[in-house]
Protein chains: 2
Amino acid sequence: MMNKNKYNPTESELEVLKILWTKGPSTVQTVNDELNKSKEVGYTTTLKIMQIMSDKGLVNRTKAGRKHIYNALVNQHAAQKILLEKVLDTAFSGSAMNLVMHALGNTRTSKHELNQIKQLIEKLEREQND
Amino acid sequence: MMNKNKYNPTESELEVLKILWTKGPSTVQTVNDELNKSKEVGYTTTLKIMQIMSDKGLVNRTKAGRKHIYNALVNQHAAQKILLEKVLDTAFSGSAMNLVMHALGNTRTSKHELNQIKQLIEKLEREQND
DNA sequence: CCTCAATTACGAAACTTTTCGTAATTAGCT
DNA sequence: AGCTAATTACGAAAAGTTTCGTAATTGAGG
C-alpha cells in the first residue's frame, strides 16, 4: 500500500540519469549533447538540472580541469525497481501478471529472450507451492 | 525513440484515474473518501484536481442533481501502455525482457499466473520466427 | 418558497520544475 | 602574466502542481 520512496526523480532528472547510466561519468557538455539528440535544450538548462541533482544527492561531481564530471549516485537497478513498483501500483493495481502480459504483448521480444523469461518462470514455479 | 505522448497525468491525477477505473463514474465525494484511505487530503483539493482534469480532457462530468459525476476519459489500457512504455524507455533502455524479469523477480506471482504468462509466451513463440 | 447543508466555483498561496540570461570563474595558450 | 573561450554560478522568470480558504450556488425537505 504505502509509497514512501526516497527517490522521486523528475522527468528531466530521469533523462539525465539514463544518460549517466549508459555513458558513465560525464560532463555537462556530454549530457547536453546527448539530450539534444532528442529535444532542444539549452546548455545552462542542463547544467542547472544537474546542479540541482547534485544538491539532491542524485549525482556527485568531481572537478577535472575546469570541468565537472558528474556521476550517477542512484543505482540503476534500484531506480528500475522503484519506477516499476510505482507503475505497477498506480496503473496495474499491483498485478505483475497484468503488467508482464502488457509488456510482452506490446513489444517485439525475440525467441531467445522469450526463452529466458520462460526459464525464469520455471525457476519461480519450482521455488513455490501455491 | 520519440516520446510524443498525449497524456502526462500528474501523480495526483493518476491516483484519481485509478479510482475512477476501479469504481467507475464517481462523485468528488467518493473519490475524496477513497483518497483519504491512504492519505489525508481536503475535499476542495480533490475537487480542484478533478476540475483541472476535466479542463484537460482527462475526465468528463455530468450533472446529477447538485452533484457532478466524473468519468474517466482516459482508457485504462491506453494509459497502462503509455506508462509502461515510458518506464521501459527511461529505466530499462527499451528492453522488455529486462523489465519482465525485474517484475517477476520482485513480486510474488502465483503459479496460476505464472502459467498464464507461460502460455502467452508460447503463443508469441508460435507467432514469430526469429 | 425558504432555509440550510452539501456541493461547486473561484482565486490565491506555496511549492516544484523547467528554462535561460547574464555574471563570474577558470584553465589553456601565447 | 594576460587574453580568450569554455565552464560554472547565480538568480529570476515562467509554467505547472498541489493545497485550501472562502464565496457562490444548488437542490431537498419542511
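Quick note on labels: first sequence line is chain A, next is B, and so on, each numbered from 1.
- If you measure from atom CG of Asn36(B) to atom C1' of dC20(D), you get 14 Å, rounded to the nearest angstrom.
- Ion pairing of Lys18(A) with Glu15(A) is absent here, as no side-chain N (NZ or NE/NH1/NH2) approaches a carboxylate O to less than 4.0 Å.
- By the side-chain contact (heavy atoms from CB on, under 4.5 Å) test, Ile52(B) pairs with Glu13(B), Lys48(B), Lys56(B), sequence neighbours left out.
- Between the CD atom of Glu15(B) and the P atom of dT17(D) there is a distance of 14 Å, rounded to whole Å.
- A search for side-chain hydrogen bond (donor to acceptor under 3.5 Å, both in side chains) contacts involving Ser26(A) returns nothing, not counting sequence neighbours.
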Quiz prompt | Contact pattern, 5' to 3', of nucleotides 9-18 of chain C - B, S or - by protein heavy atom under 4.0 Å | solution = B-BB----SB
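- Listed pair Gln29(A) / dT7(D) meets the phosphate criterion, a side-chain N or O lying under 4.0 Å from OP1 or OP2.
- Between His102(A) and Phe92(A), the ring-plane angle classifies as perpendicular under the 30° and 60° cut-offs.
- Atom-to-atom, CG of Asn32(B) to C1' of dC20(D) comes out at 12 Å; the value is rounded to the nearest Å.
- Listed pair Tyr43(B) / dT8(C) meets the phosphate criterion, a side-chain N or O lying under 4.0 Å from OP1 or OP2.
- What separates CD1 of Ile69(A) from C1' of dT26(C) is a distance of 15 Å, to the nearest Å.
- If you take CD of Glu40(B) and C1' of dT18(D), they are 15 Å apart, rounded to a whole angstrom.
- The main-chain N or O of Ala103(A) is found under 3.5 Å from a side-chain atom of Thr107(A) such that the two form a donor-acceptor pair.
- A salt bridge links Lys86(B) with Glu11(A); the closest basic N to acidic carboxylate O contact falls under 4.0 Å.
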Quiz item: Along nucleotides 24-29 of chain D, 5' to 3', which nucleotides get a B, which get an S, and which get a -, given that the test is a protein heavy-atom distance under 4.0 Å?
Solution: --BB--
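- Looking at residues two or more places apart in sequence or on another chain, you find a side-chain contact (heavy atoms from CB on, under 4.5 Å) between Lys123(B) and Arg126(B), Glu127(B).
- Residues passing the side-chain contact (heavy atoms from CB on, under 4.5 Å) test with Lys81(A), sequence neighbours excluded: Glu85(A), Asn106(B).
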